[in-house]
Protein chains: 2
Amino acid sequence: MADIKAGVNQLFLREEELRTGMELLFYAYREFTAEPDEILAEIGFGRAHHRVIYFVGRYPKITVSELLAILKITKQSLSRVLGELVRQEYILQQTGVRDRRQRLLELTDKGVELERLLSETQRQRIARAYRMAGAEAVEGFRKVMLGMMDEEDRAKFAPPVPARLAAVKR
Amino acid sequence: MADIKAGVNQLFLREEELRTGMELLFYAYREFTAEPDEILAEIGFGRAHHRVIYFVGRYPKITVSELLAILKITKQSLSRVLGELVRQEYILQQTGVRDRRQRLLELTDKGVELERLLSETQRQRIARAYRMAGAEAVEGFRKVMLGMMDEEDRAKFAPPVPARLAAVKR
DNA sequence: CGATCACGTCAACATGGCTGACATAAAAGC
DNA sequence: GCTTTTATGTCAGCCATGTTGACGTGATCG
């Protein structure tokens, strides 16, 4: 009798714990994106522009197809925002030297500035969370987030020789 | 000289660490929503429907305005998806007894079934991540996620007397 | 009884996904 | 050298989900 009750309780706690995890993710992600979204709205951009600017800043000289692979959207969707960013000179396209079909993407100075403006609030938010939680908690956070991903994305964070992009031919 | 170099290195590590945090969030959240999104698409629903079903399941007899406060969308946006869910009998509306202006929302059996179907993959994903990471890491994850939120949302997770919704008059 | 509140609804618009089709230049393969 | 594949771009249209603004109705409150 006591055993059954304990079992049920265990199940309840587990369910509750998992729900809490889902909600932590929901609320944290929403607030994480809220501030940049406001800034973006002011200049007529959306979250999609931020993502493009972010990853181009992260991986200078990235190709269009590499960017597509990261974002996992269609080239038509990307082209809309990327086109605007190029026309408004936030991003520069250079024809690849080894492969002239490629358009290597890079932030202009204007692009770097916008990237900083947008991501700074997010970096501060994370920095604050890391500070409040402590180094050990950060390691736990990292572990859980990695466990949430499929192998493919998890590989992007592999510690030995970040097999990201830069490794390959360009 | 060595000091300067160490300082620069520190800065670099910090910057890199924060970027990693941002990306962990980006990738994990995307994969977290990917599976339910597929199921939803098959029955002609979207992520918005999932969110409504989830929170109505979480807080039975929730009112429309409470739901709006959680989702932080406009009533017009909510009304579209909520209307569909009610018409297709996933959600039941009951006039409040104490306040007849309120429409108390509840999942029907059909709604409970769909909620389970949708959230089960997410719960499993979290359970897997928790298992892989270990109890201590989970606590760290919780701390970091809470640190990421503004006070308002953080309060929803306050351990003493969950001042969620149920507390108030209905 | 008048103001406020909870909720609903109509209309119009923007963003950012999607599919499908077609185009072009460069590279790779036989 | 000719053919096929690849990297990229582009047009057109659809869908989901967010927005603002205006207006309506019944219930509650002071």
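In what follows, every chain begins at residue 1, and chains take the letters A, B, ... in the order their sequences are listed. All values reported here derive from a predicted model rather than from experimental measurement.
Screening residues 77-88 of chain B for side-chain hydrogen bond (donor to acceptor under 3.5 Å, both in side chains) gives B:H49-B:E84, B:T74-B:S77 as the qualifying pairs, with residues at least two apart or on separate chains.
In this structure, the helix from C:dC1-D:dG30 to C:dC30-D:dG1 shows an angle of 30° between the axis at its start and the axis at its end, each fitted on 5 base pairs and rounded to 10°.
Checked by distance alone, B:R101 brings a side-chain donor or acceptor within 3.5 Å of a matching partner on the base of C:dC5.
Scanning for side-chain contact (heavy atoms from CB on, under 4.5 Å) contacts around B:Q94 gives B:K61, B:L92, B:E106, with sequence neighbours left out. Taking the side-chain contact (heavy atoms from CB on, under 4.5 Å) definition, one finds that A:E136 meets it with B:E136, sequence neighbours left out. In terms of the side chain to side chain donor-acceptor pair (under 3.5 Å) criterion, A:R51 has no residue partners (sequence neighbours excluded). Among residues two or more places apart in sequence or in another chain, the side chain to side chain donor-acceptor pair (under 3.5 Å) test is passed with A:R131 by none. B:V64 meets the side-chain contact (heavy atoms from CB on, under 4.5 Å) test with B:L68, B:L78, B:L82, B:R103, B:L105; sequence neighbours excluded. In this view, A:E113 satisfies the side-chain contact (heavy atoms from CB on, under 4.5 Å) rule with no residue, not counting sequence neighbours.
Nearest-nucleotide assignment on DNA chain C puts the 5′-proximal partner with B:L82, out of B:L82 and A:R51. Each of A:L78 and A:G96 was assigned the nucleotide of DNA chain C with the nearest heavy atom; the assignment lying further toward the 5' end belongs to A:L78.
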Enumerate the protein-to-nucleotides 11-14 of chain C contacts in which both atoms are nitrogen or oxygen and the separation is below 3.5 Å.
none

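Ring geometry, A:F55 versus B:F26: the interplanar angle falls from 30° to 60°, so the pair is classed tilted.
The side chain of B:Q102 lies closest to C:dC7, out of D:dA27, C:dC7, D:dG18.
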